[in-house]
Structures are given as structure tokens and as C-alpha cells.
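See structure below.
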Amino acid sequence: MKFNPADKIQDLQYFGEFGGVNPSISDSSTYTFISAKTMFDTFEGNADGCYLYSRHSTPSNLYLGEALAAMEGTETANVSASGMGAITPVLMQLCGAGDHIVSSRTIYGGTYAFLKNFTPRFNVETTFVDITKLDVVEAAITKNTKVLYCEAVSNPLLEVADIAGLSALAKKHNLQLVVDNTFSPLSISPAKLGADIVCHSLTKFINGSSDTVGGVVCGSQELINDLRNVNDGASMLLGSTMDSLRAASILKNMRTLHIRMKQHSFNAAFLAEKFEKDGLKTVYPGLESHPSHHLFKKMMNPEYGFGGMLTIDVGSLDKANELMELMQHKNLGYLAVSLGFYKTLFSAPGSSTSSEIPEDEQKEMGLSDGLIRFSIGLDNDIERTYHMMKSCMQEVGVL
Ligand SMILES: *Cc1c(COP(=O)(O)O)cnc(C)c1O
């Protein structure tokens, strides 16, 4: 039977301490022991089922990690306080001084800044490439390369990575393929296509209520053990631990992720088709005109659609700002960064979430001033929303 990520989440059953239908929240930072010997063994990581201190692990964090590992089809997972708190320790764990990373050039601004400005301080260098060209990716690999890094669907340009193709390159050159799947949960299952490690910002679709930040690394037991090692584990020692109360609330929100993703995708596909027909420069992986439409189709778990993210280009930052302000005024969405909310969110990435990327590099990768990134919400009647958006576009003169 074909791997279905939502079924894997659904099959997990947890009960609370008193038979509660949700698991109990472990509201403690530290745990008592009857025997001093067990405390020592737990510290060393040899006492399964025992807890010592909540930066190391908590029952609530383990439940959430298990659900995310099930969703991605990896052995296990480690949750963290933010998406960056998941991505940065993984890269620090896999690379030491002298090592090299080949990364997509269209990635989340924070990840880009980390690789461009921060890791060079530890003598870890990154070559940024057009990830859609496998020959260019391979040519960038050196004898020091340890990691291939990309986003399944990139932020904000919605480029699609050929994960199976990249995985074959990674195997050939003995690299770890790390994929950020924040934009395409359920729709794409990178580990099933050959990725070694899958990261998410849980802040976005997976939590879906814009009330918290969170992150996860999904991978092999060996990798997660390494990250959590008390002596040299980057997640353990850099300390970006998720709080148990948050882990419990994110797990509850995950129970509706499949329903939300279907609606996000349905609404985004509807708007993308209409916008394109109206003559707007529209980018959405579900459109035939998207350069990687067929690749996405080949990789996807079809029932979850092409995701909730789309972009339009309205020509200039002034027009983009005018349109976004008007749409917010008409209550069609919020002028805000982030994504995956019930409400549509829009922003101009060039001057916000991707502003870490220098202007000339933005131009080179096709990130223009007038680009608006939409995270399409869960609107009940998307046709009504479309007509209201269209009249805003006519009012500011982009249609
Ligand atoms: C938001 C985001 C991140 C960073 O996650 P935080 O939770 O904000 O730390 C990383 N990658 C992508 C693709 C994102 O959208």
C-alpha cells in the first residue's frame, strides 16, 4: 500500500494518565528517582522510559516527535523551540571546521543568513546553487562537501526540488541530503523519496494557528541520538528545547492537519487558476505553467494537493504595498509574514522575510520587488474571496 502520512498520524493512539483522550502534559523541568543508579543511567541515556531533565527530553515532546516521525516516515524525530532551532543544530552536527555545504540559493532568509554569515565563522563554507539543475548541483560538490541542503518547495519562489535526483547525487558522493519540508507537509514526503533528514518549522502549516513557534528534525535514530548526546549533541548543547505545554498543543493541532492542507490547497489552486487567467504573473506548483509542475505531480501524495502557497508579481513594491493594504482593509487577509494560518497572509518577501538576501542576489534568483507571497487561508467560499480580491486589484490598477 502507498505510504499515506495522514494515516500514519491517525494510527497513533495516546492516552492521558487518568484515561484522558489526550496524553497528559508533563509539567515539570526535573524528575525524581528512587535509585541513584537509575539517575546515572538516565543521564547517560541508558534507562529507557525514564526522564531526568526537560531540556533532555519530556513525555510531551516525545509524543509530538513520534507523530512527526510517523508523518515523515523516519525512524524518529526531535522537536525544538523553533524551525531555526531544528535546522541550525543539524547543520552544526553534520559539519565541522573545513567542511562544505551545497545549498539551494532560494531558501528561507534565516537559513540563508546562517549559512552565508554565521557558519563561515566556524570555517564551514556553503556554495549556493540553482537546485533545479542537478548538473549544477553536482559540479558544486567538492571533496569536503558533507551536506546537500534544500527546501522541497522553496521560500518564496516556490521552486521544487527533485528529491529523488538529489538523493541519488547524495548517495553517489556520500553526502547527507537535508530537506526543509515546511511548505509542503503531507503533500510531499521527502524521506520516502530518499532524503536522509527532514526538517520543519512547526510554526507554519503543521501547528496552523499562528500562536507559537516550533521546529522538528526527522531522521534516523542514530542522528537523533547524536543530536541529543549530552557530551557533544548540538540540539542538547545549543539548548533550543520546546516547552511541553507547546508540544501538547501542537500535537492536538496536528490531528486536523490533513483537513486543513486539503482546504489550503483547494483554495490556493482555485485562486492561482483565476489569477493566471486574469493575466497576472502567477506562480503555483499546481499550474501547468509552473516549470516543475510535472515533477511535483510525480512526487506528491495527491490527495493533499499542491499546497497553500502562491505568488503573484504586480510589478513594483509600491503597487504590492498598496494592494496588500487594501486587501487587509477589506478583511481578505493580513499583511503579515509567516504562513499556514486559517486566514490568508500576504507579504512582499523582498523587503521582509528574504531581506537577508542582498538585492543583487535577489534579482539574480528572480525575486522581484513586486512579488507578493500569499499563504492562502481556509476561506469557506473561495469564489467570493476571489471576487473581492479581484476588485481590490482593479482598484489599485494591477488588473
Ligand atoms: C519559517 C521558516 C523557517 C524558520 O522557522 P522558525 O519557526 O521561524 O524558526 C525555516 N524554513 C522555512 C521554509 C520557513 O518558512
Side-chain angles (χ1 to χ4, degrees), residues 61 64-65 68 72 77-92 101 103-116 118-119 126 128 131 147 149-161 163 178-188 190 195 197-218 234-235 238-243 246-247 249-250 253-254 261 264 268 283 285 307-311 336-341 345-350 352-357 365 367 371 373-376:
N61 288 11
L64 177 62
L68 289 157
E72 289 299 357
N78 189 54
V79 297
S80 54
S82 71
M84 290 308 291
I87 295 163
T88 58
V90 164
L91 296 171
M92 298 298 273
I101 296 171
S103 169
S104 166
R105 62 184 185 182
T106 59
I107 51 174
Y108 179 69
T111 313
Y112 180 85
F114 179 70
L115 292 174
K116 173 125 181 152
F118 195 90
T119 57
T126 299
F128 295 96
I131 202 74
V147 170
Y149 186 87
C150 68
E151 294 172 3
V153 177
S154 81
N155 178 36
L157 295 174
L158 310 181
E159 286 177 352
V160 178
I163 296 168
V178 182
V179 178
D180 179 340
N181 198 28
T182 302
F183 273 37
S184 41
L186 302 184
S187 294
I188 295 179
I197 300 164
V198 184
C199 300
H200 281 278
S201 167
L202 303 178
T203 316
K204 316 295 170 53
F205 289 104
I206 291 179
N207 184 58
S209 50
S210 291
D211 56 0
T212 188
V213 287
V216 70
V217 180
C218 304
S235 294
L238 295 172
S240 57
T241 308
M242 176 174 278
D243 183 74
R246 279 309 186 187
S249 74
I250 295 170
N253 285 354
M254 263 187 90
M261 285 317 298
H264 283 301
V283 175
M309 303 301 294
L310 66 88
T311 68
V337 299
S338 201
L339 43 133
F341 199 30
L345 302 178
F346 33 76
S347 58
S352 60
T353 48
S354 295
S355 58
E356 295 94 335
I357 303 172
M365 62 178 68
L367 211 171
L371 196 77
R373 182 186 81 177
F374 285 80
S375 165
I376 303 301

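The residues of the chain are indexed from 1 along the displayed sequence. Whatever order the structure lists ligands and atoms in, that order sets their numbers, starting from 1.
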State the [atom1]-[atom2] distance between [X] and [Y], to the nearest 0.5 angstrom.
X	Y	atom1	atom2	result
Ser354	Arg373	OG	CZ	7.5 Å
Leu115	Phe128	CG	CZ	5.0 Å
Glu159	Cys150	CD	SG	10.5 Å

*Decide whether the shortest distance between a heavy atom of Leu202 and an atom of ligand 1 is less than 4.0 Å.*
no

Return yes if some donor-acceptor pair links the side-chain N/O of [X] with the main-chain N/O of [Y] below 3.5 Å, else return no.
X	Y	answer
Ser352	Ala348	yes
Asn181	Ile188	yes
Ser82	Gly85	yes

_Please confirm whether the ring centroid of Phe183 lies under 6.0 Å from the ring centroid of Phe205._
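Centroid separation for Phe183 and Phe205: 6.0 Å or greater.
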
Where is the nearest protein heavy atom to [atom]: which residue, which atom, and how far?
atom	answer
atom 6 (P) of ligand 1	Gly83 N, 3.3 Å
atom 9 (O) of ligand 1	Met84 N, 2.8 Å
atom 7 (O) of ligand 1	Thr203 OG1, 2.6 Å
atom 1 (C) of ligand 1	Lys204 NZ, 1.4 Å
atom 8 (O) of ligand 1	Tyr108 OH, 3.8 Å
atom 11 (N) of ligand 1	Asp180 OD2, 2.6 Å

Distance under 4.0 Å to a non-hydrogen atom of [X]: what atoms of ligand 1 satisfy this?
X	value
Gly214	7 (O)
Glu151	13 (C)
Ile87	10 (C)

*Answer whether the closest heavy-atom distance between the side chains of Leu202 and Arg246 falls below 4.5 Å.*
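They are not in side-chain contact.
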
*Please indicate whether any nitrogen or oxygen in Ser201 is less than 3.5 Å from any nitrogen or oxygen in ligand 1.*
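Yes, there is a polar N/O contact under 3.5 Å.
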
*For ligand 1, indicate whether the residue Ile107 contacts it via side chain, backbone, both or neither (heavy-atom separation under 4.0 Å).*
neither

